[in-house]
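The structure under discussion appears below in the form of structure tokens.
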Amino acid sequence: MALRVYNTLTGKKEEFVPLEPNKVKMYVCGVTVYDHCHIGHARANVVFDMIYRYLKYAGYEVTYVRNYTDIDDKIINRANRDGIPWNELSERFIVEFDRDMAALGLELPTHQPKATEHIPEIIAIVARLVEKGHAYAVDGDVYFRVATFGDYLKLSGRNLEEMQAGARVEVDERKENPMDFALWKGVKPGEPSWDSPWGAGRPGWHIECSAMSMKFLGETFDIHGGGKDLVFPHHENEIAQSEAANGAPFVNYWLHNGFVNINSEKMSKSLGNFFTIKEVLKEYDAEVLRFFLLSAHYRSPIDFCDQNLFEADAGLERIYKGLAEIHRLLATEPGDGGEPADEGRELEERVAGVRERFREAMNDDFNTALAIAGVFDLIRLVNRVVAEVPLPGSRLRQLLEEARTAVGEIAGVLGIFTSLPTEYLERIKLQKSAGLAIAAEEIEALIIERAGARKEKNFGRSDEIRDYLLMRNIELKDSPQGTTWTVK
RNA sequence: GGCGGCGUAGCCAAGUGGUAAGGCAGAGGUCUGCAAAACCUUUAUCCCCCGGUUCAAAUCCGGGCGCCGCCUCCA
């Protein structure tokens, strides 16, 4: 089955056909670097990281561009408020962005251009638009003339009249049309500026993405991504600028990820209900967060709340426990424990089909929820086989090995289950232990005492110790290898 | 007001014509001294409601109700 993607431009799922066979050119709007990234940025970037990885897995040679918008009103305002130079602020938050993305386990895009390093390219596009009559200069500003671009609003499916009727913004009398937007902003006192044919000034928002995508990907490219909120005006304006300037189609497939809500409410600064990535990663492991973000389809809204993160944590732990079991078995000497006919055959079929199932899910507009369900199915079957055949023979061992490899490949695309299972479980245990009112040494000592009591069949004392620990959120697990503990 | 989306078990969540994936939580069972983990069974006669199309609809069409997003900076 071929890859199908939902294209915002057509409102339909379409078969993905790249401009050049086996090559994909993809641009994703990065961030305006004026503050720490929040959980919404995490989703957008994790989603497109997953898409980037899957396209590569599917055999495409991908050129992935993600920009930094490092000059903008918000940067200037914030820098003024903090009393620091604007570029000091933007540079600082570029570093912070990179840190957050690294913490989330993202792969680096092919290119990460900055707006301020492309001022000549920006000016060139604006000049061409003015030349072609698609833009006009007023008092040092340059505006895009929306009336000259017949396809304006084709992405968001609106029309100009209705937009104007519902407009909530003050009308700038200098604009020919209230919907005309700034390509270039004339300098104001105390603001950074660059020389241009229209006087000193700086780029408007939107134009930097047209300039950088064109430079790295050409006039027409395959995929442009970003959050749903960028459809209008940002992406709409990018289309207008780029297509009017080049006279060529800008992008073939527009992909937009859904929002993150917080406890079912829209995340917003006025409600004060947003979390930065750094805050969230103090509470939850990055892999748990990533698992949570990929457990729903990328276009659906997703609700960030303790219950859902708890479920993600539990689900991920289940998979890692299964993987840990495979690792443990394969590290032991081969047994002659037989090859149970039914389970063996079922496992054989499941392992043989797991990649195909994964591809089918991902080919359907990157259905990561379905892809993850496939992993759960495999893990359940592995657990069953392992429970029934404690010492698997060579054929079963081979199947387990193959299962591990297949999950490893899937893990590489999703960016989850990528840790060594025992390391992950240990990491989670450690993190959860931090909040305990009991020291690990005390727990260990009690486990030793309990082992003694059990040896003497003093189950009263044994259970007393277990209950004592359970009240402190410590769960014990007895096995032939001894007793281990986990944090509930 | 305009545009778009959503409504599937206690919760999260797949599923766009063929008779309801997966996870979390719950119940029963196997295992265990008892537990935990794991496994097995079980939890939606039905997919917001009402009509219609069809041999067949959660899936298509019409109407209604409810929720949400965008239209202003925003992933």
Side-chain angles (χ1 to χ4, degrees), chain A residues 8 11 13 28-32 34-35 37-48 72-74 77 153 156-159 161-170 179 205 225-234 236 256-261 264-269 274 291-292 295-297 299-303 305 307-319 321-322 325 343 357 361 364 367-377 379-388 454 457-460 462-463 466-467 470 474-479 483-486 488:
Chain A
T8 307
K13 270 188 211 171
V28 172
C29 288
V31 283
T32 299
Y34 74 104
D35 203 349
C37 288
H38 54 62
I39 186 75
H41 295 111
R43 183 179 196 191
N45 284 286
V46 164
V47 160
F48 286 102
D72 177 81
D73 292 2
K74 289 194 292 292
N77 293 341
L153 304 179
S156 54
R158 306 157 198 259
N159 70 61
E161 294 71 41
E162 283 161 359
M163 293 289 292
Q164 287 160 32
R168 284 183 260 160
V169 277
E170 279 182 51
M179 296 302 292
W205 184 43
K228 220 177 169 176
D229 49 346
L230 295 180
V231 173
F232 182 89
H234 187 54
E236 203 70 74
H256 293 98
N257 65 276
F259 287 118
V260 177
N261 292 325
S264 307
E265 275 185 324
K266 176 186 156 72
M267 178 168 69
S268 79
K269 301 210 168 181
F274 72 98
F291 183 87
F292 163 70
S295 63
H297 186 90
R299 282 188 285 118
S300 309
I302 194 168
D303 194 31
C305 62
Q307 165 78 8
N308 289 349
L309 269 290
F310 171 82
E311 286 184 8
D313 176 71
L316 188 58
E317 192 167 320
R318 176 182 171 75
I319 286 168
K321 277 182 186 162
E325 213 28 42
E343 284 77 7
R357 223 177 134 185
D364 186 13
N367 193 336
T368 51
L370 194 56
I372 289 171
V375 176
F376 274 115
D377 279 340
I379 291 293
R380 185 172 358 92
L381 190 54
V382 163
N383 281 334
R384 191 161 97 210
V385 170
V386 163
E388 294 184 11
R454 291 182 71 211
K457 305 253 184 262
N458 183 356
F459 296 120
S462 165
D463 292 348
R466 192 173 59 203
D467 292 344
L470 195 58
I474 306 298
E475 231 162 28
L476 297 184
K477 180 188 172 189
D478 299 324
S479 80
T483 300
T484 56
W485 60 278
T486 53
K488 237 177 122 181

Look at the side chain of A/D229 against the base of B/G69 and say whether a donor-acceptor pair falls under 3.5 Å; ignore hydrogens and angles. no

Note, [X] side chain near [Y] side chain (heavy atom, < 4.5 Å):
X: A/R466; Y: A/E475; result: no
X: A/D377; Y: A/R357; result: yes
X: A/V231; Y: A/H256; result: yes
X: A/F274; Y: A/V260; result: no
X: A/I302; Y: A/N261; result: no
X: A/D313; Y: A/F291; result: no
X: A/H38; Y: A/H41; result: yes
X: A/I474; Y: A/L470; result: no

[X] side chain, from C-beta outward: closest of [options]:
X: A/L370; options: B/A14, B/G23, B/A75; result: B/A14
X: A/A296; options: B/G33, B/C12, B/A14; result: B/A14
X: A/Q307; options: B/C11, B/A21, B/G33; result: B/C11
X: A/K477; options: B/A75, B/G22, B/A37; result: B/A37

Remember a base hit wins even if backbone is also touched, and classify [X] as base, sugar-phosphate or nothing at under 4.0 Å, heavy atoms.
X: A/A373; answer: base
X: A/F376; answer: sugar-phosphate
X: A/N367; answer: sugar-phosphate
X: A/K74; answer: sugar-phosphate
X: A/G374; answer: nothing
X: A/R43; answer: nothing
X: A/H38; answer: base
X: A/V260; answer: base
X: A/S264; answer: nothing
X: A/G227; answer: sugar-phosphate

Both distances under 3.5 Å, Watson-Crick or G-U wobble: report the partner of [N], or none.
N: B/A21; result: none
N: B/U72; result: none
N: B/C46; result: none
N: B/C39; result: B/G29
N: B/C34; result: none
N: B/U53; result: none
N: B/G66; result: B/C6

Which whole-number value in Å describes the distance from [X] [atom1] to [N] [atom2]?
X: A/E311; N: B/G26; atom1: CD; atom2: P; value: 11 Å
X: A/F232; N: B/A75; atom1: CZ; atom2: C1'; value: 17 Å
X: A/D478; N: B/C34; atom1: CG; atom2: C1'; value: 9 Å
X: A/N458; N: B/C34; atom1: CG; atom2: P; value: 16 Å
X: A/R466; N: B/A35; atom1: CZ; atom2: P; value: 8 Å
X: A/E317; N: B/C24; atom1: CD; atom2: P; value: 11 Å
X: A/I474; N: B/A37; atom1: CD1; atom2: P; value: 14 Å
X: A/I372; N: B/G23; atom1: CD1; atom2: P; value: 12 Å

Is A/F310 atom CZ crowded by more than 12 heavy atoms from other residues, nucleotides or ligands, each under 6.0 Å away? no

Considering only the [atom1] atoms, how many Å lie between [N] and [M], rounded to the nearest integer?
N: B/A58; M: B/A9; atom1: P; result: 14 Å
N: B/C65; M: B/C49; atom1: C1'; result: 7 Å
N: B/A14; M: B/C6; atom1: C1'; result: 15 Å
N: B/U45; M: B/C68; atom1: C1'; result: 31 Å
N: B/G23; M: B/C39; atom1: P; result: 9 Å

Under 3.5 Å, which protein N or O atoms sit close to an N or O of nucleotides 3-9 of chain B? Give each pair with its distance.
| from | atom 1 | to | atom 2 | distance (Å) |
| --- | --- | --- | --- | --- |
| B/C3 | O2' | A/S156 | O | 3.4 |

Would A/D303 and A/S264 count as having a side-chain donor-acceptor pair, cut-off 3.5 Å? yes

Does A/S300 or A/L476 map to a spot on RNA chain B nearer the 5' end, using the closest nucleotide for each?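 Counting from the 5' end, the first nearest nucleotide belongs to A/S300.
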
Would you kindly compare A/F48 and A/F459 by the position of their nearest RNA chain B nucleotide and give the one closer to the 5′ end? A/F459

Quick one: is B/C11 close enough that its OP1 or OP2 comes under 4.0 Å of any side-chain N or O from A/N308?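 No, no such contact exists.
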
I'd like to check the side-chain hydrogen bond (donor to acceptor under 3.5 Å, both in side chains) partners of A/T486; sequence neighbours left out, ordered by chain and number.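 By the side-chain hydrogen bond (donor to acceptor under 3.5 Å, both in side chains) rule, A/T486 matches no residue at all.
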
Working note: A/D364 + A/K13, criterion salt bridge (Lys or Arg N to Asp or Glu O under 4.0 Å); need CA distance, chi angles, decisive distance, verdict. CA-CA 9 Å; A/D364 186 13; A/K13 270 188 211 171; 2.9 Å; yes

List, with names and distances, any nitrogen or oxygen atoms from the protein found under 3.5 Å away from nitrogen or oxygen atoms belonging to nucleotides 38-40 of chain B.
| from | atom 1 | to | atom 2 | distance (Å) |
| --- | --- | --- | --- | --- |
| B/A38 | O3' | A/N383 | ND2 | 3.1 |
| B/C39 | OP1 | A/R318 | NH2 | 3.1 |
| B/C39 | OP1 | A/N383 | ND2 | 3.2 |
| B/C39 | OP2 | A/R318 | NH1 | 3.3 |
| B/C40 | OP1 | A/R384 | NH1 | 3.2 |

Would you check, one step at a time, whether the test salt bridge (Lys or Arg N to Asp or Glu O under 4.0 Å) holds for A/K321 with A/E317? CA-CA 6 Å; A/K321 277 182 186 162; A/E317 192 167 320; 3.6 Å; yes

